[in-house]
Amino acid sequence: QHLDQGSFWLSDRGSRFIEERHGSTYYLDPYYQPWYTQPVAHSTILINHNHQSQRVGDPRVFADGFDDHAFLVHYLDGGDVAFSSGDIGRLYWGKVKQMRRNVLYLKPRTLLMLDVITPTEEDVDITLLYQTQHLKDIHAGPVESTITKENNVLHIKHLYPGKIESKAVQTPHYVYTLQNEKPLVKEGMLTVTARTEGKPLVMANILTTTEGNEPDISYQEKSGYVSGVANGKNFVFSTTPGNMYHSDHFITDALTLAWDGDKTFAAIVTSLKRDGKLLIASEIPLTCEISERSIKYYHQEEAEVMIGVESEPASLVLNGTELSGWTYDKHRGNITIDLPEGEGNLIIN
């Protein structure tokens, strides 16, 4: 029953950078209820600086109508890239229409975190929390913040929006810590705050670690999107989710995408063209990794999909089973097929 939906931990290079607050004695600790079990003690999201922003969600399997709980939206593990998206907006007392934590994992050690918050009629302040052990480890900045553990550094690049406020905030010691740790060292968290402006707010942060040197990350904001390179990996994300944009080689409405050579990974997308050629189009958003002769995908439900091909395929094989019922359009250079819900691996022979 802790109010910790959307929280995460992060370890790399043998160092734990993002974790949970610790040291409470449950009900004997005066901070147990106002801090320890509340969102403010977790690496999640606050609204309007309210430490108790979340409420307890409905049971996930209970009775019809009890649907106000966090839920997984999309996920896919590709060869060089992975993606997950979870929605926690139903837990915020109607203050937002939707709140999604999206993570694009550029293997092996780079995360593009895209928190997308859709406000109701009233705009709200959104604060992202990053819990770490000691306040002295945090350096908060307008463009980049860092958390340092001995010789290892977690770099948090604040890509979007341009107007944010980052702070290193001291957090309380709990009773066990007061009793057992001498001398006491100030504990803390990093906070990053921005405000919605009548439309979905995208808060984009790249997280990567080094052994003290500066990471190789470059990016630029353009009309409707931000594109960049992180440790040799190309990435793009939308700043107006759901809208089409023209980026580098692509025309798409993908929330985010990454590519390397002939392989393209696109998350929450209904239309994707590369160098003017259709790669994929779907009736509903899907997440997919497209290679020369295969498509790995996740679909929330069965839907019709068009896939660009160089010539008419001899066969289509989905999860090891040959398919029938698909059509080929010679003039448009694509096939049309109904892809079932869930995960799939489509081989184009």
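Scope of the values below: all heavy atoms of this structure, side chains included, with no hydrogens, waters or symmetry mates.
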Inset, instruction - Fit a plane to each ring of Trp35 and Tyr31, take the angle between them on a 0 to 90° scale, and name the class: parallel (under 30°), tilted (30 to 60°) or perpendicular (over 60°). - result: perpendicular
Does the [X] side chain pair with the main chain of [Y], one donor and one acceptor, at a distance under 3.5 Å?
X      : Y      : value
Tyr27  : Pro30  : no
Gln38  : Gln33  : yes
Asn334 : Ile307 : no
Thr287 : Tyr75  : no
Gln133 : Lys149 : no
Gln54  : Gln5   : yes
Lys296 : Leu76  : no
Asn48  : Asn50  : no
Asn319 : Asn345 : yes
Arg90  : Ala70  : no

Heavy-atom pair of closest approach, residues [X] and [Y]:
X      : Y      : result
Pro285 : His74  : O-CE1, 3.4 Å
Leu184 : Thr177 : CD2-O, 3.7 Å
His299 : Pro340 : CB-O, 3.7 Å
His69  : Pro59  : CD2-O, 4.0 Å

Inset, instruction - List the steps and the verdict of side-chain hydrogen bond (donor to acceptor under 3.5 Å, both in side chains) for His158 and Glu144. - result: CA-CA 6 Å; His158 310 306; Glu144 177 183 352; over 6 Å; no
Take a 6.0 Å sphere around [atom1] of [X] and say whether it holds more than 12 heavy atoms from other residues, nucleotides or ligands.
X      : atom1 : value
Lys186 : NZ    : no
Tyr328 : OH    : yes
Glu197 : CD    : no
Glu214 : CD    : yes

Among side-chain atoms of [X] and [Y], is any donor-acceptor pair under 3.5 angstrom?
X      : Y      : answer
His155 : Thr210 : yes
Ser315 : Asn349 : yes
Thr270 : Asp253 : yes
Asp329 : Thr336 : no
Ser85  : Arg100 : no
Gln131 : His42  : no
Asp125 : Thr193 : no
Thr148 : Asp137 : no
His246 : Thr252 : no

Inset, instruction - Verify the cluster assignment for Tyr219 and Ile206: are they in a single hydrophobic cluster under the rule of side-chain heavy atoms below 4.5 Å apart? - result: yes
Inset, instruction - Could you check Phe237, Phe235, Tyr245 and say which one makes a ring-ring contact (aromatic ring centres under 6.0 Å, His included) with Tyr225? - result: Tyr245
Legend entry - Salt bridge flag under 4.0 Å for residues Arg21 and Asp4: no
Inset, instruction - Would you check, one step at a time, whether the test side-chain contact (heavy atoms from CB on, under 4.5 Å) holds for Val236 with Val226? - result: CA-CA 6 Å; Val236 173; Val226 171; over 6 Å; no
Do any side-chain atoms of residues 257-267 form donor-acceptor pairs under 3.5 angstrom with protein atoms, and if so which ones, sequence neighbours left out?
| residue | atom | partner | partner atom | Å |
| --- | --- | --- | --- | --- |
| Thr264 | OG1 | Arg274 | NH1 | 3.0 |

